[in-house]
Amino acid sequence: RRTASHPSPRKARGLGTPAEGGCHYVRHSSPDEKPRMTQLARKLRVTDYFSLGWGTMVGVGWLVVMDDWLLRGGPLGGILGFAIGGILLLPIGYVYGKLVMAMPDASGEVAYTAKVFPRPVSFYTGWMMMLAYFIVCPWEAVAVGRIAGYIFPALDSIELYRVAGKPVYLPHLVIGLALTALVTVVNYRGVRLSATFQNWSTFGTLALFVIFVGVGVTRGSPANFRPLFTHTSFVSILLVLQIVPYFMTGFESVTKAAEEANPQFRAQGFARAIFAAIIVGAVFYIIVIAAVGFVAPWRSLTGAPFMTAVAFEHAVGSRWIVSVILSAALLSLFKVFNGNFIAASRLLFAMGRRGLVDARLASVHPRNQTPAAAVAGVGIATAACMFLGTAILVPISEVGSVAAASGWFAVCAAYLWMRPRVRDRLIAVLGAIVALAMVVMKFAPFVPGHFSGWEWLVLGLWIILGASIGHPRR
């Protein structure tokens, strides 16, 4: 019986035999591949990997930007957009499952692409995925201030400045910085503590979700769904599909913690956790969009803050359900912040270990067995970015979608280059086409919802930052 940490020598070299659906390639020696001088703690189980994958995926978008989703596509456009998006992500998840079982490496996409592509390709693939994970952290740090301000309106005071016309309040900053400090400390202290935090917040969110949806839908009406689409059906679904990569990024975060699996963990558990995260994530989004469209006339509520909570309060006629929804949102915020923090810090650590960024980021705390320098780096960068306030929320969603999709495309292309068996090759081709289409949808100026100036600015600055502090050609 093979475990994730002990693949067979043959599989470690070539991803299996032809009969096993493996790949064949020549493994060249590379300066990227250095002896492992440090070890992370190995304590994670399959439940932890599901909590990481799903918890990293589902945050508070279903509460904070539900109005944006419905204005893009309407209830049916939103439902179909996330349903189609979830199905299209399955072949990408399959490829990740195959690769992580053969190469349980914290660098994930960097390791997979480094096997077959030049160093710059692996660096920029990892750098884009780093953006996809990291960019969620300030998003959530800002969102917690907005949620707190909704619960306690007095917190929407002491305006410090404005960014793109959006006010930045001192209490919001303090709350966001406090949460960032908490998540940083939890991850610094140990992966078991972080995983326990992730499990409780993940299953707590699901429990509260079942409660408020179950109660709310008993008061709704199918007539509230109208209009089903906000544009033509095709354009409505397309506009929602464009943001699916951002809001469903996270399933592949399982690979970033692959080196921290319990010694008794079976490698197949990685693939199961990835598929479960994609399926449960898509179903979650579909249900919450359908519920909001069902419980109240959604079109009249799109201007309200936290439209999901307002819709359910409108249906139930009581404030208590808002408290349940906001409690679920806060738990969800904690877990998605923590999950993306784990993924970002592990990827930064692994890139440092490979010499793609400053090698000091590869240091491991001698007692806690955590990537201490990478954890501190992600925490400090998150705190700095959240000073941009709520103006960053929508541009971050758009750029995060492209960053994730570009990484998925590179991974599928790398797997194809490894020459797997025919069936796996066809699945990888499908995954690559899906990922590339998601990138093109945001880049092509003739596609509705393409990048605007803000999104291009964020993406350009990130690439320049990578070229400045990274070592893509060393």
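Bear in mind the structure is a predicted one, so any value in this text is a computation, not a measurement. Basis for what follows: all heavy atoms, side chains included, without hydrogens, waters or symmetry-related copies.
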Enquirer: What distance separates I211 CD1 from L206 CG, expressed to the nearest 0.5 Å?
Expert: 11.5 Å
Enquirer: May I ask you to check whether F443 and W456 place their ring centres under 6.0 Å from each other?
Expert: yes
Enquirer: Sub-3.5 Å donor-acceptor pair from the side chain of T255 to the main-chain atoms of V100, do we have one?
Expert: no
Enquirer: Specify whether W408 and F251 have parallel, tilted or perpendicular ring planes, treating 30° as the upper limit for parallel and 60° as the lower limit for perpendicular.
Expert: tilted
Enquirer: One pair to check against side chain to side chain contact (heavy atoms under 4.5 Å, CB included): R272 and F50. What are the steps and the verdict?
Expert: CA-CA 8 Å; R272 294 192 187 103; F50 167 74; over 6 Å; no
Enquirer: Contact between R42 and E259 at the side-chain level, heavy atoms closer than 4.5 Å - yes or no?
Expert: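 In short, these two side chains do not touch, never coming nearer than 4.5 Å.
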Enquirer: So how far is it from L99 CG to M418 CE, rounded to the nearest 0.5 Å?
Expert: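 Reported value, rounded in 0.5 Å steps: 5.5 Å.
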Enquirer: Would V183 and N187 satisfy side chain to side chain contact (heavy atoms under 4.5 Å, CB included), going step by step from the backbone distance to the final call?
Expert: CA-CA 6 Å; V183 172; N187 280 275; 3.5 Å; yes
Enquirer: Please assess I469 against D358 for the test side chain to side chain contact (heavy atoms under 4.5 Å, CB included), listing each intermediate value before the final yes or no.
Expert: CA-CA 8 Å; I469 68 172; D358 194 319; over 6 Å; no
Enquirer: Please identify each residue that fulfils salt bridge (charged side-chain N to carboxylate O under 4.0 Å, His left out) with E109, with sequence neighbours left out.
Expert: K256
Enquirer: For the side chain of N199 and the backbone of T196, is there at least one donor-acceptor N/O pair under 3.5 Å apart?
Expert: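 Side chain of N199 to backbone of T196, a donor-acceptor pair under 3.5 Å: no, none is there.
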Enquirer: So, does Y49 use its side chain to make a donor-acceptor pair with the main chain of A261 at under 3.5 Å?
Expert: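 Side chain of Y49 to backbone of A261, a donor-acceptor pair under 3.5 Å: yes, one is there.
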Enquirer: First locate atom CG of D424, then atom NZ of K98, and finally report the distance between them rounded to the nearest 0.5 Å.
Expert: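 If I round to the nearest 0.5 Å, the distance is 4.5 Å.
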Enquirer: So I342 and Y133, do their side chains get closer than 4.5 Å, heavy atoms only?
Expert: no
Enquirer: Between the side chains of D105 and R354, is the shortest nitrogen-to-carboxylate-oxygen separation below 4.0 Å, so that they form an ion pair?
Expert: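 Answer for the salt bridge query: yes.
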Enquirer: Assess whether side-chain hydrogen bond (donor to acceptor under 3.5 Å, both in side chains) is satisfied between N338 and S194, documenting all intermediate values.
Expert: CA-CA 8 Å; N338 186 62; S194 182; 3.2 Å; yes
Enquirer: Between S253 (side chain) and G250 (backbone), is there a donor-acceptor pair under 3.5 Å?
Expert: yes
Enquirer: Do F387 and V168 have side-chain heavy atoms sitting under 4.5 Å apart?
Expert: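 No; the side chains remain at least 4.5 Å from each other.
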Enquirer: Would you call the rings of F212 and F209 parallel, tilted or perpendicular, where under 30° means parallel and over 60° means perpendicular?
Expert: perpendicular
Enquirer: Tell me whether Q198 contacts the main-chain N or O of K335 through its side chain, where contact means a donor paired with an acceptor under 3.5 Å.
Expert: yes
Enquirer: Would you confirm whether R346, through its side chain, and A257, through its main-chain N or O, come within 3.5 Å as a donor-acceptor pair?
Expert: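 No; judged by distance alone, with no hydrogens or angles, the pair does not exist.
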Enquirer: Crowded around R425 CZ? As in, over 12 foreign heavy atoms under 6.0 Å?
Expert: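 Count over threshold, so yes.
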Enquirer: Please examine the side chains of I278 and Y94, heavy atoms only from C-beta on, and report whether any two atoms are closer than 4.5 Å.
Expert: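 With C-beta onward as the side chain, the pair stays apart.
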Enquirer: Does F334 reach the side chain of L182, with side-chain heavy atoms less than 4.5 Å apart?
Expert: no
Enquirer: With rounding to the nearest 0.5 Å, note down the distance linking OH in Y188 to OG1 in T370.
Expert: 6.5 Å
Enquirer: Can you check whether Y415 and Y112 have ring centres sitting under 6.0 Å from each other?
Expert: no
Enquirer: Does R146 qualify as a cation-pi partner of F306, given the criterion of NZ or CZ under 6.0 Å from the six-membered ring centre and within 45 degrees of its axis?
Expert: yes
Enquirer: Hey, are the side chains of T382 and T184 touching, using non-hydrogen atoms and a 4.5 Å cut-off?
Expert: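 They are not in contact (no side-chain heavy atoms under 4.5 Å apart), so the answer is no.
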Enquirer: Kindly assign one of parallel, tilted or perpendicular to the pair F247 and W69, based on the angle between their ring planes and the thresholds 30° and 60°.
Expert: perpendicular
Enquirer: Ring centroids only, cut at 6.0 angstrom: are F270 and F265 within range, meaning strictly under it?
Expert: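 They qualify: ring centres under 6.0 Å apart.
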Enquirer: Any side-chain heavy atom of F349 sitting closer than 4.5 Å to one from V375?
Expert: no
Enquirer: Once rounded to the nearest 0.5 Å, what's the spacing between atom CH2 of W54 and atom CD1 of I279?
Expert: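 Separation between the atoms: 14.0 Å.
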Enquirer: Under the side chain to side chain contact (heavy atoms under 4.5 Å, CB included) test, which residues partner A148, sequence neighbours left out?
Expert: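 A148: side chain to side chain contact (heavy atoms under 4.5 Å, CB included) contacts with L155, I175.
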Enquirer: Tell me if a side-chain donor or acceptor on W462 pairs with a main-chain N or O of W127 at a distance below 3.5 Å.
Expert: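 Confirmed, W462 side chain pairs with W127 backbone.
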Enquirer: Spell out, as yes or no, whether a donor-acceptor pair under 3.5 Å connects the side chain of T56 to the backbone of V336.
Expert: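 Here the side-chain-to-backbone pair does not exist.
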Enquirer: Just wondering, do Y285 and V244 contact through their side chains at under 4.5 Å, heavy atoms?
Expert: no
